[in-house]
Each structure stands twice: as C-alpha cells, then as structure tokens.
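This report concerns only the one structure given below.
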Amino acid sequence: MAKNERFEKVYAQGTVNVMEIWVDKETGVNYVFHASGYSGGMTALLDRDGKPVISPIVN
C-alpha cells in the first residue's frame with residue numbers, strides 16, 4: 001500500500017455481507033461501507049447527535 005493513499009481501512013467484518021470502516025487521513029472523517037452481493041454503498045459514519053465521527057489525525 002502506498003504511503004500517499006488518502007483513505008485507510010480500520011475495521012472489516014464479513015465476507016459475503018461486508019461491513020468496513022474507512023478513515024479519511026486528511027480530515028479524520030470516518031465512513032462506513034457495506035456491500036452485499038453485487039451492491040454496496042458508502043456514507044459518513046454519524047454519532048448519536050447526527051454529527052460525523054472524526055478520528056484524530058496521526059502524521
């Protein structure tokens with residue numbers, strides 16, 4: 001994996017029904033990705049107040 005890639009996968013579960021969490025290394029925003037069969041989607045991961053989950057950025 002190249003060091004200049006913007007997104008980093010920090011969590012994964014499943015093989016047929018895939019659930020992953022990706023972090024944007026520039027903004028710290030977390031995204032959830034879900035795939036099942038031939039379909040999938042990605043969206044920002046939100047906390048209980050509806051605000052995006054943001055991880056600390058490590059340089």
Side-chain angles (χ1 to χ4, degrees):
M1 190 181 293
K3 289 187 178 186
N4 62 351
E5 291 183 5
R6 181 168 178 163
F7 294 91
E8 178 180 1
K9 182 171 35 173
V10 295
Y11 177 81
Q13 81 177 30
T15 54
V16 176
N17 291 314
V18 176
M19 181 74 68
E20 298 173 343
I21 297 177
W22 291 79
V23 175
D24 182 335
K25 294 190 287 187
E26 290 186 18
T27 65
V29 175
N30 286 240
Y31 296 88
V32 63
F33 172 75
H34 183 267
S36 180
Y38 292 109
S39 62
M42 180 178 248
T43 189
L45 183 61
L46 304 177
D47 66 12
R48 68 174 67 199
D49 298 321
K51 298 178 182 177
V53 175
I54 300 176
S55 298
I57 299 171
V58 178
N59 292 330

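Just so it is clear, the values below take in all heavy atoms, side chains as well, and ignore hydrogens, waters and symmetry mates. Since this is a predicted model, take the numbers as computed values, not measurements.
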Distance-only check: which donor-acceptor pairs under 3.5 Å involve side-chain atoms of residues 14-24, not counting sequence neighbours?
unit_1 : atom_1 : unit_2 : atom_2 : d
Asn17  : OD1    : Ser36  : OG     : 2.6
Glu20  : OE1    : Trp22  : NE1    : 2.9
Asp24  : OD1    : Arg6   : NE     : 2.9
Asp24  : OD1    : Glu26  : N      : 2.9
Asp24  : OD1    : Thr27  : N      : 3.4
Asp24  : OD2    : Arg6   : NE     : 3.0
Asp24  : OD2    : Arg6   : NH2    : 2.9
Asp24  : OD2    : Thr27  : OG1    : 3.3

Transitive ILVMFWY side-chain link Val29 to Phe7, under 4.5 Å | yes
Linking I/L/V/M/F/W/Y whenever their side-chain heavy atoms sit closer than 4.5 Å, directly or via other members, would Leu46 and Val32 fall into one cluster?
-> no
Summary of side chain to side chain donor-acceptor pair (under 3.5 Å) pairs that have at least one residue in residues 42-56, sequence neighbours excluded | Asn30-Ser55
Taking the side chain as every heavy atom from C-beta outward, state whether Tyr11 and Gln13 have any pair of such atoms under 4.5 Å apart.
-> yes
When hydrophobic residues are tied together by side-chain contacts of less than 4.5 Å, even through go-betweens, does Ile54 share a cluster with Met42?
-> yes
